[in-house]
Amino acid sequence: MKVVDTPQKMRELAETLRREEAPLGLVPTMGALHEGHISLIDRATSECGAAVVSIFVNPAQFAAGEDYDTYPRTYHADLEACREMGVACVYAPRANAMYPGGYDTWVDVPGLGAPLCGARRQGHFRGVATVVLKLLAACLPHRAYFGEKDYQQLVLIRRMTRDLDLGVEIVPCPIVREDDGMALSSRNAYLSADERSRARAISAALFDAKKKVAAGERLSAAIIQACVDELEEAGSRVDYVEIVEPATLERVETINGAARMAVAAYIGETRLIDNILLEPDDEA
Ligand code: PAF
């Protein structure tokens with residue numbers, strides 16, 4: 001397995017991989033790999049001729065006061081996991097290779113970046129879109145794999161690649177959950193044992209919402225209020241609960257077709273997100 005740390009060296013290797021081992025897959029990550037990432041890497045290594053995993057904690061997607069400095073970093077264990085999974089190359093640039101002095105180009109997807117997390121995390125999606133474009137430009141993949149856990153990110157990146165004619169297939173991958181339903185996230189590492197047990201309320205509330213829709217409830221306001229109540233009862237501070245149209249992320253008042261319910265909530269100091277697909281024709 002190769003480990004590459006500059007965009008120039010990555011591009012050079014990617015040109016060969018793309019030509020000789022097509023299709024080339026990319027799994028963009030910020031490291032601290034968990035089973036959710038492993039499921040993406042597994043898809044990429046089994047579906048592609050070669051897979052690149054990028055590991056880069058992107059400063060541009062953290063606002064002032066967020067957890068850039070404390071974000072979990074497990075670089076050596078991550079490299080080992082990639083090696084074991086048959087990854088062809090890990091791309092792990094340093095911040096000054098990605099954003100050298102004088103760096104001044106940013107990518108904005110203003111519509112899809114505005115609601116949900118975009119309304120709460122200033123500049124977050126501009127940082128995400130910019131770094132993903134840079135990763136795609138360096139790694140030249142035919143396919144890039146993104147988890148549905150970061151649903152807004154997935155939708156926005158798909159739009160960016162279409163709008164900019166990048167010719168990359170964005171492959172959505174299902175959320176990986178613990179046995180009690182909790183979605184895997186690198187930020188789960190911040191939770192104490194007590195917080196971890198309270199955090200299961202997030203996925204539980206989403207699954208309850210799905211059941212309500214299956215039982216015939218169609219009014220978003222009622223479903224959202226029940227979810228907020230459940231989260232507050234579990235001692236979490238709700239950042240938002242919304243039900244949106246899956247492609248445009250516009251609010252849905254009445255559930256007549258597929259919709260995404262998205263939650264962000266604080267358990268102690270840790271902000272967690274999760275989401276679920278609601279479908280009116282779900283079985284009760
Ligand atoms: O989902 C993530 O880990 C990050 O937002 C990504 C896509 C690697 C960009 O930094």
Side-chain angles (χ1 to χ4, degrees), residues 36 39-40 109-121 124-125 128-129 145-163 170-185 187 198-267 271-284:
S39 73
L40 306 184
V109 188
L112 291 174
L116 306 172
C117 287
R120 279 95 184 162
R121 300 187 66 189
H124 172 68
F125 286 115
V128 169
Y145 292 78
F146 288 85
E148 288 183 339
K149 157 84 173 18
D150 295 299
Y151 186 76
Q152 185 172 14
Q153 166 175 284
L154 165 70
V155 173
L156 180 141
I157 294 300
R158 196 163 47 199
R159 174 65 59 82
M160 176 187 78
T161 55
R162 283 183 194 162
D163 286 354
I170 301 301
V171 184
C173 301
I175 299 173
V176 177
R177 298 183 178 278
E178 307 257 20
D179 289 346
D180 67 356
M182 169 109 169
L184 294 187
S185 160
R187 290 190 170 95
R198 284 191 284 131
R200 75 207 311 184
I202 298 175
S203 56
L206 288 172
F207 283 108
D208 285 347
K210 198 169 174 65
K211 280 189 211 140
K212 287 194 177 71
V213 173
E217 179 63 80
R218 294 289 175 267
L219 288 182
S220 294
I223 298 166
I224 289 171
Q225 190 55 55
C227 179
V228 169
D229 292 346
E230 276 183 65
L231 292 172
E232 289 183 347
E233 236 163 76
S236 78
R237 184 159 55 84
V238 174
D239 194 10
Y240 66 76
V241 178
E242 290 193 31
I243 298 177
V244 296
E245 200 283 324
T248 63
L249 305 182
E250 281 163 10
R251 278 199 186 134
V252 166
E253 305 299 337
T254 309
I255 301 169
N256 294 319
R260 274 277 159 180
M261 182 162 179
V263 169
Y266 288 88
I267 306 288
R271 183 177 182 278
L272 298 173
I273 59 171
D274 197 354
N275 69 83
I276 203 162
L277 178 66
L278 302 177
E279 286 170 299
D281 46 8
D282 272 346
E283 303 259 316

Checklist line | R251 atom CZ: more than 12 heavy-atom contacts under 6.0 Å | finding: no
Check: Taking all atoms of both residues into account, what is the closest heavy-atom pair of L40 and Y145, and its distance?
Finding: CD1-O, 4.0 Å
Next item on the list: Could you tell me whether the side chain of R159 and the main chain of V155 form a donor-acceptor pair under 3.5 Å?
Entry: no
Check: Quick one: CD1 on I157 to CZ on F146, what's the gap to the nearest 0.5 Å?
Finding: 5.0 Å
Next item on the list: Please name the pair of heavy atoms, one in S220 and one in T254, separated by the smallest distance, quoted to 0.1 Å.
Entry: OG-N, 4.2 Å
Next item on the list: To the nearest 0.5 Å, tell me how far C117 SG sits from R271 CZ.
Entry: 4.0 Å
Checklist line | Any donor-acceptor pair under 3.5 Å from D208 side chain to C227 backbone | finding: no
Notebook entry, point to check: So do M182 and L272 actually touch side chain to side chain, heavy atoms under 4.5 Å?
Noted result: yes
Notebook entry, point to check: Considering only heavy atoms from C-beta outward, does the side chain of V228 approach that of L231 to under 4.5 Å?
Noted result: no
Check: Backbone N or O of L219 within a donor-acceptor pair of the E253 side chain at under 3.5 Å?
Finding: no
Note to self: Measuring only between side-chain heavy atoms, which start at C-beta, is V244 closer than 4.5 Å to E250?
What the structure shows: no
Checklist line | Separation of K212 NZ from M261 CE (nearest 0.5 Å) | finding: 8.0 Å
Item checked: Minimum-distance pair of heavy atoms, taken over all atoms of A201 and A234 -> CB-CB, 3.4 Å
Margin query: Quick one, R121 with D239, criterion salt bridge (Lys or Arg N to Asp or Glu O under 4.0 Å). Give me CA distance, side-chain angles, the key distance, then yes/no.
Written below: CA-CA 11 Å; R121 300 187 66 189; D239 194 10; over 6 Å; no
Margin query: I need the minimum non-hydrogen distance between G118 and Q152, along with the two atoms involved.
Written below: N-OE1, 3.7 Å
Next item on the list: Look at the side chain of K149 and the backbone N and O of S185, then say whether any donor-acceptor pair between them is shorter than 3.5 Å.
Entry: no
Note to self: Using side chain to side chain contact (heavy atoms under 4.5 Å, CB included), reason through N275 and V263 one step at a time and then give a plain yes or no.
What the structure shows: CA-CA 6 Å; N275 69 83; V263 169; over 6 Å; no
Checklist line | Heavy atoms of other groups near R218 CZ, more than 12 under 6.0 Å | finding: yes
Margin query: I need the S203 OG to I276 CD1 distance, nearest 0.5 Å.
Written below: 8.5 Å
Margin query: Could you measure the distance from the CD1 atom of I202 to the CD atom of E230? Nearest 0.5 Å is fine.
Written below: 11.5 Å
Check: With distance as the sole test, does Y151 use its side chain to make a donor-acceptor pair with the main-chain N or O of P246 at under 3.5 Å?
Finding: yes
Check: Backbone N or O of A247 within a donor-acceptor pair of the E245 side chain at under 3.5 Å?
Finding: yes
Item checked: Worked verdict on R260 versus E148 for salt bridge (Lys or Arg N to Asp or Glu O under 4.0 Å) -> CA-CA 11 Å; R260 274 277 159 180; E148 288 183 339; 3.6 Å; yes
Next item on the list: Provide the closest heavy-atom pair for R177 versus D274 in the form atom of the first, atom of the second, distance.
Entry: NH1-OD2, 2.9 Å
Check: Hey, what do you get for CG (D150) to CD1 (I273), rounding to the nearest 0.5 Å?
Finding: 4.5 Å
Item checked: For the student: nearest non-hydrogen atoms of G235 and R198, plus distance -> O-NH1, 3.1 Å
